[in-house]
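Throughout, protein chains are lettered first and strands after them, A, B, ... in sequence-line order, and every chain is numbered starting at 1.
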Amino acid sequence: MKLVRWISGTIVLLAIIILIIVLPFRSMFFAQDSGHIGFIGRVVYILILSSVLILFRVLKGPTAADRIVAIDIFGILIVGLCAVLGIATGRSWYIDIGIAWGLQSFIGTLALAKYLEGRSFDD
Amino acid sequence: MKSRILMFVFAFAVWCILCWVPDTQHLIAGAVVALIVAAIMGSMFVTRPHMLFNPIRVFYFLFWYIPIFIWELVKANFDVAYRVIHPSMPIKPGIVRLKTELKSDTGLTFLANSITLTPGTLTVDINKDDGILYIHWINVVGSDPETTFREIGSRFEPMLKKIFEEDVVK
Amino acid sequence: MIDIIGMVFIGTGLAFDVLGCLGLVRLPDVYNRLQAATKCVTLGTCSILFGTFLMAGGFTPTGFKALIAIVFLVLASPVAAHAISRGAHRAGIKLWDKSVVDSYAEDKEGEK
């Protein structure tokens, strides 16, 4: 059973990595694609790969604390994603979105941690 | 009052950087918002303003604490990455006590944050009255006070004591 | 040239991000996961932001905002990790079976 899990996980990871390497040469396999994706596109694909790993923990997590950890980390990843989109498009307000998202996720994490501890929001 | 003025200056500077290059409208709106923020939350920004203007402390903080902190942060990341990649996961976790002599809030906060971002350690709780930090350690070497101080505390505590404390009485 | 240095920073940050998320999946209990994820993802994202600062051409609006985001992340993420771990311990979530010591639980027993 453990072997099956290892093998399936390895296949998924390898498939995504190969996809990232092959993407620039996509026009050889799919006729209608332009094939240009560049550095930023690959960065976004890798960030999506790591958020898939985080979503696995959100779904499986045996306790509530695991899910809160995963959500907190997800918020930090999105700051990085916003920064990368900011250089890709050349518009600086993407990083504003990132900073605001980070602040919101930080406050949300603190509130969830207090809920976990069993205290009210007053103290 | 000093703390409120500092808070106003800080909030206004951050606003100006966020809407670079500022024009008149931005400056007026920023001043109003910074005034409101300083009026509401200003009293909890810095408790001892005279510490912030001491050039020796600022110099130590910028050129002694921050380089060591960044170096330890990079080391911590390679350590954790090694433990994650290794097939058999060489971890031996546990929660240990660390005795500290820092008393001020700022010093304790910086100590806890530095410990969280350095190799294999994570602050779980602080008991301020007894000066004890509870630390989750991913690779426990020993749980007696001397070992924990040598392995965890000795990197940052003397430095932070020099930066944030030393003449609390004065 | 400076674009290439920025790309190197972004690539390093991505590697640390993926490793941190892998740690979130592999490690056995909440506290270990918190350690791996907080450290690796914080430094990874800071590295991505610094690469953004370099690739955006230094002190332009994007670069300034990226620097502010770095300072904010380094200050905020240890505090969030500390709050979660303390909440988890108070909520009674056990450490891993093979843990060595738990002084915090001993001291809390003594208080009650």
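In the displayed structure, Leu14(A) atom CG is contacted under 6.0 Å by more than 12 heavy atoms of other residues, nucleotides or ligands. For CZ of Phe9(C), the number of neighbouring non-hydrogen atoms (other residues, nucleotides, ligands) closer than 6.0 Å is 12 at most.
Only the side chain of Leu73(C) has a heavy atom closer than 4.5 Å to any heavy atom of chain A. Residue contact with chain C, scored on non-hydrogen atoms closer than 4.5 Å, is absent for Leu81(A). Contact annotation for Leu22(C): both backbone and side-chain heavy atoms come within less than 4.5 Å of a heavy atom of chain A. Both the backbone and the side chain of Ile76(A) come within contact range of chain C, judged by heavy atoms closer than 4.5 Å.
Comparing Ala56(C), Ala76(C), Ala83(C) by heavy-atom pairs within less than 4.5 Å of chain A, the highest count is held by Ala76(C). Here Leu24(C) is the residue among Val18(C), Leu24(C), Ile10(C), Thr45(C) with the most heavy-atom pairs under 4.5 Å with chain A. For the options Thr63(A), Leu47(A), Val79(A), Ile73(A), heavy-atom pairs under 4.5 Å to chain C are most numerous at Ile73(A). Chosen from Val41(C), Leu14(C), Asp17(C), the residue pairing most often with chain A at heavy-atom distances under 4.5 Å is Leu14(C). Contact tally against chain C (heavy-atom pairs below 4.5 Å) for Asp66(A), Thr109(A), Ile99(A): the top residue is Asp66(A).
The shortest heavy-atom contact between Gly86(A) and Tyr94(A) is CA-CB, 3.7 Å. Shown here for Gly13(C) and Ser47(C), the closest heavy-atom pair between the two residues is N-OG, 3.6 Å.
Using cut-offs of 30° and 60° for the angle between ring planes, the Phe59(C) and Phe53(C) rings count as perpendicular.
Side-chain contact of Thr42(C) with Ser77(C): a donor-acceptor pair under 3.5 Å is present, judged by distance alone.
Here side-chain hydrogen bond (donor to acceptor under 3.5 Å, both in side chains) pairs that include residues 65-74 of chain C, with residues two or more places apart or in two chains, are Ser92(A)-Lys65(C), Asp96(A)-Lys65(C).
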